[in-house]
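Written below as structure tokens is the structure these notes are about.
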Amino acid sequence: MATAICVLSGNLSAFGVVVFKSDVNGCVTLKGEFTGLTPGKHGLHIHTFGDLTNDWISAGSHYNPNNEIHGGPQENKRHAGDLGNVDVNEDGFAKLDLAIQHFHLTGIHSVIGRTLMIHQNEDDLGKAENEESLATGNAGAGLAWGVIGICQSNISEEALEEKFNQIN
Ligand code: CU
Ligand code: ZN
């Protein structure tokens, strides 16, 4: 059981807060909110490095400790960092509520210290039958990003909402 948090921002208006919680069955739940995005779907991934010296570019490629191809968040064969899409409404706002397996907050495949990133384009989940689809899902440039850090374990949804409203 572990809890992690990421605050995402970038060079544009996009902004987000995501909390990760693992349970005893090895499932991790991601809950978060985003604002300042264009309506529609935006790809979400963990990238390998927590290096933001060159904005999102120095965060490297999708976190992929098992040497798989790109895929959707509910597939067994995917980059460990593939989290699918965030669905943004007409007001540029999105809520994230995702439960995934094969994703870790502790141990050798822990994502803590790596970068969470939301992208300009929809992630095609590896289904577009081109080379880029199997590498990045054609999600395009990074819009907002942040390094995943350790969070207090008993953070409530109300506290998360409050944090989101404070920074936003
Ligand atoms: Cu990405
Ligand atoms: Zn990927």
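Ligands are counted one by one from 1 in listed order, and the atoms in each one are counted from 1 as well.
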Open item on the list: I'd like to know whether CD1 of Ile57 has more than 12 heavy-atom contacts from other residues, nucleotides or ligands below 6.0 angstrom.
Closed with: yes
TODO: Could you tell me whether Glu68 and Arg78 have a side-chain N and a carboxylate O separated by less than 4.0 Å?
DONE: no
- [ ] Could you check Ile155 against Lys21 for side chain to side chain contact (heavy atoms under 4.5 Å, CB included), going step by step and ending with a plain yes or no?
- [x] CA-CA 10 Å; Ile155 189 167; Lys21 273 178 201 269; 4.0 Å; yes
- [ ] Sort and list the pairs that fulfil ring-ring contact (aromatic ring centres under 6.0 Å, His included) and have at least one residue in residues 80-102, not counting sequence neighbours.
- [x] none
Open item on the list: Check for me whether the distance between the ring centres of His70 and His79 falls short of 6.0 Å.
Closed with: yes
Open item on the list: For the NZ atom on Lys127, are there more than 12 heavy atoms of other groups (residues, nucleotides or ligands in this structure) within a distance under 6.0 Å?
Closed with: yes
Open item on the list: Suppose the cut-off is 2.8 Å; how many protein N/O/S atoms fall inside it around the Zn ion (ligand 2)?
Closed with: 4
Task: Protein N/O/S count near the Cu ion (ligand 1) (criterion: distance under 2.8 Å) - done: 3
Open item on the list: Tell me whether Gln152 at atom CD has more than 12 heavy atoms from other residues, nucleotides or ligands lying less than 6.0 Å away.
Closed with: yes
Open item on the list: Using side-chain heavy atoms (C-beta onward) and a distance below 4.5 Å, is Thr115 in contact with Ile46?
Closed with: no
Task: Residue list, side-chain contact (heavy atoms from CB on, under 4.5 Å) with Thr29, at least two apart or on another chain - done: Lys31, Asp97, Ala99
